[in-house]
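These numbers were taken from a predicted model, which means no experiment stands behind them.
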Amino acid sequence: MSNLSKYVMGGACAIALTLSSATAIKVYAAQPQVAEAGQPVDLTYAAEKAIPAVVHIKYVQNSKTKTIDVQDDPFGDFFDPFGFFGSPDQGQGGTRKQRVQTPKREATGSGVIISSDGYIVTNNHVVEGADELTVTLNDNREFSARIIGTDKQTDLALIKVDAKNLPTLPIGNSDNLKVGEWVIAVGNPYNLNSTVTAGIVSAKARGLGATPNGIESFIQTDAAINPGNSGGALVNTKGELVGINAMLYSQTGSYSGYGFAIPTSIMTKVVDDIKKYGSVQRVMLGVSGNDVINYINSQKDNGKDVNLGTNEGVYIASVDPDGNGAEAGLQKGDVITQLDGKKIEKMSELQAAINAKRPGDKATITYLRNKKPITKTIVLKNAQGTTKVIEQADIDVLGGQFRPITEAQKKQLNISYGLEVLKVNNGALKDAGINRGFIIQKVNDENVNSIDELQKLVKSASTSKEPVLYISGIYPSGKKAYFAVPLSE
């Protein structure tokens, strides 16, 4: 369970009132129109639907040998002249390379079965870096699971087990949730399987700033969520999945009032993209900013009185000249108030609305400039500036075969890590001029110790704004070399 130890939320509470547009005229005395009184809520149906579809996930990361930079000891050569207690390779700036053995790690979390053939949604932080995943159903059946895809920005992951006729949880529309509505959280806190807690929706579209560059539009609930609940289900009284439990607000590490769930409005699109394309097809508005009320308050703290013509919306602090926002004409100081005719009151709502889009979709953006509204419709593009589908590349795109270097190579070349290129076929390596025998040591400034690490770097770069691998390494002759390896056509 991701633990947000301390955060500051700024903003004004807005109360929406719906007024009748017509009044029925009667010849007798008017009867007061009273909203239907609240009724006792029975949550047993929702629990019965949810419990069989929520699974326990065991995470295992095996012990590994890693090479790290450590501060150089000025007396190291005196006490260890032959490098018996670590690598004798000296780095620059008073550091040196040293091999360390990482401990085996185990953890647990939860997941939700969304299809009878074994697709399960959970959090990215529940499965990230796992070498083994074991899924246990409510009836105690166990399955090995494989990762289909992950999305760090929304903290979602899709995994799969080989099984049929599994119990599922129908997916509801989280946009229809109302503040004050009853919900239950189902998961496996502290390894206590099939635990149900109840509460209400405390807030919607909550942004916490807990994840750098993350997309946050959380459902806030006072249903108890604890470590181990991550990836579990937030369920409405109809027995529909409306959110994936993600984190808790606590100063102790345990539940102390509020938990946060990723709404199904975000989850559904992420899952569909992963299943269809292998990665999330995302557009980038290319702006940075803040809730208008937060900006106004920050200016007041500096003794400045600001009037933007509204207290709601997203204040634009900067605009990427190559992004979608620039194409819509956005400038610093503008305030986004609507997207596709839907009111935008804060950044988290804008993030959720943009996340629902794919490259090639149209978007109509309304914003204020000098208090006057401007509306533009644009065709949205991805981070690479196109409307094409970005498929996550595999290591095969390099067209090479690799192996970790041997102890003999380490001694001969006075290095402590790297991947040797055993064979070069048609592919990105050949196009870049990398030949057989070259030893890859760094990719995009990351040390490369294993084929798995290279695979992760290829996948990450292939969907980034700049799909290029910057590779540095050394030839058997001792000659060092540096290559730029494009991953796109």
Asks: Spell out, as yes or no, whether a donor-acceptor pair under 3.5 Å connects the side chain of N290 to the backbone of N294.
Replies: no

Asks: Provide the closest heavy-atom pair for P189 versus N229 in the form atom of the first, atom of the second, distance.
Replies: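 Closest approach of P189 to N229: CB-OD1, 3.4 Å.
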
Asks: Side-chain contact, heavy-atom cut-off 4.5 Å: L166 with D117?
Replies: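 Side chain of L166 against side chain of D117, heavy atoms only: no contact under 4.5 Å found.
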
Asks: Do you know which two heavy atoms are closest between A224 and T197, and how far apart they sit?
Replies: O-OG1, 2.8 Å

Asks: Main chain of I200, side chain of D222: is a donor-acceptor contact present, judged purely on distance under 3.5 Å?
Replies: yes

Asks: Apply side chain to side chain contact (heavy atoms under 4.5 Å, CB included) to the pair Y59 and R105, showing each step before the final yes or no.
Replies: CA-CA 8 Å; Y59 163 110; R105 293 183 57 223; 3.4 Å; yes

Asks: Calculate, to the nearest 0.5 Å, the distance between atoms CG and OG belonging to L158 and S115 respectively.
Replies: 8.0 Å

Asks: Set out, in order, the CA-CA distance, both residues' side-chain angles and the distance that settles side chain to side chain contact (heavy atoms under 4.5 Å, CB included) for T150 and V127, then state yes or no.
Replies: CA-CA 9 Å; T150 62; V127 302; 4.2 Å; yes

Asks: Hey, what do you get for NZ (K442) to CG (L457), rounding to the nearest 0.5 Å?
Replies: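 Going from NZ on K442 over to CG on L457, the span is 11.0 Å.
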
Asks: In plain terms, say whether K362 and D340 are close enough for a salt bridge, that is, a side-chain N and a carboxylate O under 4.0 Å apart.
Replies: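 Between D340 and K362 there is no salt bridge, as every charged N stays at least 4.0 Å from the carboxylate O atoms.
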
Asks: Assess whether side chain to side chain contact (heavy atoms under 4.5 Å, CB included) is satisfied between L368 and T310, documenting all intermediate values.
Replies: CA-CA 9 Å; L368 299 181; T310 179; 3.7 Å; yes

Asks: With a 4.5 Å cut-off on side-chain heavy atoms, are F260 and I219 touching?
Replies: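 The answer is no, as the side chains (C-beta and beyond) never meet within the 4.5 Å cut-off.
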
Asks: Looking just at side-chain N and O atoms, do T168 and S116 make a donor-acceptor pair shorter than 3.5 Å?
Replies: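 Per modelled atom types, T168 and S116 side chains form no pair under 3.5 Å.
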
Asks: Could you check if a side-chain atom of I148 sits within less than 4.5 angstrom of a side-chain atom of Y119, using non-hydrogen atoms only?
Replies: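 With C-beta onward as the side chain, the pair touches.
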
Asks: Would you check if there is a donor-acceptor pair between the side chains of S288 and S318 at a distance under 3.5 Å?
Replies: yes

Asks: Would you call K465 and D322 a salt bridge, taking side-chain N to carboxylate O under 4.0 Å as the test?
Replies: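 Between D322 and K465 there is no salt bridge, as every charged N stays at least 4.0 Å from the carboxylate O atoms.
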
Asks: Taking Y367 for the side chain and A328 for the main chain, is one N or O donor matched with an acceptor at less than 3.5 Å?
Replies: yes

Asks: Answer whether the closest heavy-atom distance between the side chains of I296 and K300 falls below 4.5 Å.
Replies: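 SC-SC contact between I296 and K300 confirmed.
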
Asks: Is it true that a side-chain atom of S174 and a backbone atom of S265 form a donor plus acceptor pair closer than 3.5 Å?
Replies: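 Pair found, side chain donor or acceptor close to backbone of S265.
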
Asks: Between I395 and I451, is there a side-chain heavy-atom distance shorter than 4.5 Å?
Replies: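 They are in contact (side-chain heavy atoms under 4.5 Å apart), so the answer is yes.
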
Asks: With rounding to the nearest 0.5 Å, note down the distance linking CG in N176 to CD in E240.
Replies: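 Taking CG in N176 and CD in E240, the distance rounds to 9.0 Å.
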
Asks: If only atom types and distance count, is the side chain of S450 paired as donor or acceptor with the main-chain N or O of E453 below 3.5 Å?
Replies: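 Such a contact is found between S450 side chain and E453 backbone.
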
Asks: Does a salt bridge link K276 with D272, judged by any charged N lying under 4.0 Å from a carboxylate O?
Replies: no

Asks: Cut-off 3.5 Å, side chains only: do Y470 and D445 have a donor facing an acceptor?
Replies: no

Asks: Is there a side-chain contact between V292 and L308, using heavy atoms and a 4.5 Å cut-off?
Replies: yes

Asks: Just one of L469, L398, V397 clears the side-chain contact (heavy atoms from CB on, under 4.5 Å) bar with L429, so which one?
Replies: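 Looking at L469, L398, V397, the match for L429 under the side-chain contact (heavy atoms from CB on, under 4.5 Å) is L398.
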
Asks: Against V161, only a single residue in L133, V135, V55, L137 fulfils side-chain contact (heavy atoms from CB on, under 4.5 Å); can you say which?
Replies: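 Between V161 and the candidates, side-chain contact (heavy atoms from CB on, under 4.5 Å) is satisfied uniquely by V135.
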
Asks: For a side chain to side chain donor-acceptor pair (under 3.5 Å) with Q153, tell me which candidate from R282, Q351, E216 qualifies.
Replies: R282

Asks: So, S230 versus H125: side-chain donor-acceptor pair below 3.5 Å or not?
Replies: yes

Asks: How close do P486 and A428 get, heavy atom to heavy atom, and via which atoms?
Replies: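 Distance-wise, the nearest heavy atoms are O-CB, 3.9 Å.
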
Asks: So, do L241 and V112 sit near enough that their side-chain heavy atoms are less than 4.5 Å apart?
Replies: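 They are in side-chain contact.
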
Asks: For atom CG of N370, decide whether the heavy atoms of other residues, nucleotides or ligands shown that lie under 6.0 angstrom number more than 12.
Replies: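 Check fails, neighbour count at 12 or below.
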
Asks: State, without any angle test, whether D151 and T154 hold a side-chain donor-acceptor pair at a distance under 3.5 Å.
Replies: yes

Asks: Can a salt bridge be assigned to the pair D273 and R358 using a cut-off of 4.0 Å between side-chain N and carboxylate O?
Replies: yes

Asks: Quick test of your reading of the model: are E128 and K152 salt-bridged, counting only N-O distances below 4.0 Å?
Replies: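 Salt bridge between E128 and K152, a charged N being under 4.0 Å from a carboxylate O: yes.
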
Asks: Any chance NZ of K381 has more than 12 other-residue heavy atoms, nucleotides or ligands included, within less than 6.0 Å?
Replies: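 Incorrect, the count does not exceed 12.
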
Asks: Side chains of M267 and V121: does their closest heavy-atom pair fall under 4.5 Å?
Replies: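 Yes - at least one pair of side-chain heavy atoms lies under 4.5 Å apart.
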
Asks: Tell me if a side-chain donor or acceptor on D291 pairs with a main-chain N or O of M347 at a distance below 3.5 Å.
Replies: yes

Asks: Hey, mind stepping through L339 and T364 against side chain to side chain contact (heavy atoms under 4.5 Å, CB included) and telling me if it holds?
Replies: CA-CA 6 Å; L339 187 77; T364 300; over 6 Å; no

Asks: Any side-chain donor paired with an acceptor under 3.5 Å for N382 and T386?
Replies: yes

Asks: Whether D162 and R146 form a salt bridge (side-chain N of Lys/Arg under 4.0 Å from carboxylate O of Asp/Glu) is what I want to check.
Replies: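 Yes.
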
Asks: Return the CG to CD1 distance between L285 and I354, rounded to the nearest 0.5 Å.
Replies: 4.5 Å

Asks: Looking at every heavy atom in both P52 and P167, which two are closest together, and how far apart are they?
Replies: O-CG, 3.2 Å

Asks: I need the minimum non-hydrogen distance between V379 and T387, along with the two atoms involved.
Replies: CG1-CG2, 4.2 Å

Asks: More than 12 heavy atoms of other residues, nucleotides or ligands under 6.0 Å from CG of D301: yes or no?
Replies: yes

Asks: Keeping the roles fixed (side chain from T134, backbone from K58), state whether a donor-acceptor pair exists under 3.5 Å.
Replies: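 No.
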
Asks: Tell me if a side-chain donor or acceptor on Q384 pairs with a main-chain N or O of S464 at a distance below 3.5 Å.
Replies: yes

Asks: Closest heavy-atom contact between K49 and P170?
Replies: CE-CD, 4.4 Å

Asks: Checking the side chain of T264 only, and the main-chain atoms of G172 only, is there a donor and an acceptor separated by less than 3.5 Å?
Replies: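 Between the backbone of G172 and the side chain of T264 there is a qualifying donor-acceptor contact (under 3.5 Å).
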
Asks: Suppose the criterion is ring pair (Phe, Tyr, Trp, His ring centres under 6.0 Å): which pairs have a residue in residues 261-310, not counting sequence neighbours?
Replies: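 Pairs touching residues 261-310 that pass the test: Y295-Y315.
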
Asks: Can you tell me how far apart OG1 (T337) and CD1 (I365) are? Round to the nearest 0.5 Å.
Replies: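 Result: 10.5 Å between the selected atoms.
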
Asks: Just to verify, what does F483 make a ring-ring contact (aromatic ring centres under 6.0 Å, His included) with, not counting sequence neighbours?
Replies: F438

Asks: Got a salt bridge between K343 and E312, using NZ or NE/NH1/NH2 to carboxylate O under 4.0 Å?
Replies: yes

Asks: How long is the span from the OG1 atom in T221 to the CG atom in L177, to the nearest 0.5 Å?
Replies: 9.5 Å

Asks: Do the side chain of E446 and the main chain of V443 share a donor and acceptor less than 3.5 angstrom apart?
Replies: no

